[in-house]
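As structure tokens, the structure follows; a few thoughts come after it.
Note on naming: letters A, B, ... go to the chains in the order of the sequence lines (proteins, then strands), and numbering restarts at 1 for each one.
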There are 2 protein chains.
Amino acid sequence: MVNTASRSRRRAPGNTQERILDAAEALFARKGYQATSVGEVAGAVGIRSPSLYNHFRNKEALYRAVLERLLDRFAAPMEALAHGPITEERLLDWLDTIVRMHHANPNLARLLQHAALSGGPGTGELIERFFRPMMMRDPRLEQPGLRALGESGLQPWAVMAFNNLVMSYVTMAPMYRDLLGQDPFGEEALERQLALVRTLLLAVLRFDGAAGAGYPPSPTPSGIDEKR
Amino acid sequence: MVNTASRSRRRAPGNTQERILDAAEALFARKGYQATSVGEVAGAVGIRSPSLYNHFRNKEALYRAVLERLLDRFAAPMEALAHGPITEERLLDWLDTIVRMHHANPNLARLLQHAALSGGPGTGELIERFFRPMMMRDPRLEQPGLRALGESGLQPWAVMAFNNLVMSYVTMAPMYRDLLGQDPFGEEALERQLALVRTLLLAVLRFDGAAGAGYPPSPTPSGIDEKR
DNA sequence: TCAAGAGGCGCGATTATTCACACTTGGCCC
DNA sequence: GGGCCAAGTGTGAATAATCGCGCCTCTTGA
């Protein structure tokens, strides 16, 4: 479908727009929206910043394009989990899928984390499009253990917890790199993270009544400085 | 000369240095090191940026002072957990404590998250002083379920997971504020988070064999307990 | 009277963005 | 083929704003 008949001269090795998006994604993910300069992005691509404006109206448009591309990448696999009854093994599948997605492409989690901390353009849409769908109280919880979850009103909290668990692995990984003595994004680490997360889910499901409000109102260990 | 305009009493409640630290902490926590300008900090305090240099040598020194103060606040309660044998209920206490600490003062978690994503001054020290101590393979695991954890080499991974879980609650909370229909930093939310996290820990401890050996897609080729 | 601390001024660098301009193309007419 | 133009994509120079930060003066509480 793509012609690209003649080999480009010394001009553009590939689609510049795509290369800008790649570079911008990496930089926005690492430094956030504000701390990333368009000159930096341009430099990473190998052009000067004014040239970048031939492809994107401004910095914000570039950022939104990056977001859009990332959300699209995640949309399809998530959609697949959206139909049919929810069983234990389907929950495991869901976990498995998002762990692998974030592992294979950590930048969405990083951008979401930046947005959660600092805000920035499009944060509202981000919430609506990425978080809202997975937080809606789901009437499809059919198994007894799962139904308890849904009816106790705990479901969104549990979803949040597991989602945080998965995303923070990606966003905090650099901190643990040395401590673990293993590349957090290697194959072996992925398997370990998968096993751990799966174990947690199974454990909490089996635990059952767990969800119930039957928890002692916290013993309050030692003094914790409140804000003055 | 004439432009006096006669400001209000310039005697502030506490000394200016403290107020600068407060403002800087809030801003660094929200926007990160690079994206925060000293003018912004000064503005929040109610002074001009050159005045700020009467109290801190430069931006980096200010940032490090903020870090220092935060680490100090967390040091004492953490220290309390550092001695004696580790039992199930002591683990629960530990979780309880750090959840409450982060809840009462979310800024350390936010700064750590920024540092994990973008680096910045003092990131190395942050790792050594905050993460290293809690990641060291602990010989004090005495209960059978816990011993399995330690000997399987899974301990650091489990610690990381629970720490991530607690910290990401703080750093991601803004995203969920609307979705949960509740202030994530209110009293009620704290209790809920405490119950959830405690349930998770108990569940995974009870789950036992949890170590992961029994999981199909996780071969776990053994022998990872080596430390680099 | 004195020093701590606040503010005005300003330098040099960097920011996002615009503009005028060069060059390389593919397509079209002759 | 050659001539020609429009579109696309690159550039350096220039804009105004903001950045971190040093210098120097003035106010103020002790």
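- Proximity of B/Ser37 to the phosphate of D/dT18: no side-chain N or O atom is located under 4.0 Å from OP1 or OP2.
- Of the candidates C/dC19, D/dG20, C/dA6, the closest approach to any side-chain atom of B/Ile47 belongs to C/dA6.
- Regarding contacts with the backbone of D/dT9, every side-chain N or O of A/Thr16 stays at 4.0 angstrom or more from both OP1 and OP2.
- Distances shown here put a side-chain N or O of A/Arg48 below 4.0 Å from the OP1 or OP2 atom of D/dG12.
- Checking C/dA6, D/dG10, C/dC9 against the side-chain heavy atoms of A/His55 singles out D/dG10 as nearest.
- With 3.5 Å as the limit, one finds a donor-acceptor pair spanning the side chains of B/Asn163 and A/Tyr176.
- We find that CZ of A/Arg57 is positioned 10 Å from P of C/dT17, with the value rounded to whole Å.
- Aromatic ring orientation, A/His114 versus B/His114: tilted (interplanar angle from 30° to 60°).
- Atom CZ of A/Phe130 and atom CZ of A/Phe74 lie 6.0 Å apart (nearest 0.5 Å).
- Separating the CZ atom of A/Phe56 from the P atom of D/dT9 is a distance of 11 Å, rounded to the nearest angstrom.
- No side-chain donor from either of A/Tyr169 and A/Asn164 sits under 3.5 Å from a side-chain acceptor of the other.
- Residue-to-nucleotide proximity on DNA chain C shows that, of B/Pro50 and A/Pro50, the 5′-proximal contact is made by B/Pro50.
- Among the nucleotides C/dT17, D/dG10, C/dG7, the one closest to the side chain of A/Ser51 is D/dG10.
- To the nearest angstrom, P of D/dC21 lies 14 Å from CD1 of B/Ile20.
- When the P atom of C/dT18 is taken as reference, atom CG of A/Asn58 falls 8 Å away, rounded to whole Å.
- Rounding to whole angstrom units, CG of residue B/Leu52 and P of D/dC19 are separated by 13 Å.
- Whole-Å rounding puts the A/Tyr53 OH to C/dA20 C1' distance at 17 Å.
- Remark: C1' of C/dG7 and CG of B/Asn54 are 10 Å apart, rounded to the nearest angstrom.
- The side chain of B/Lys59 lies closest to D/dC21 when the candidates are C/dT17, C/dG8, D/dC21.
- Applying the 6.0 Å contact sphere to CZ of A/Arg48 captures no more than 12 heavy atoms from other residues, nucleotides or ligands.
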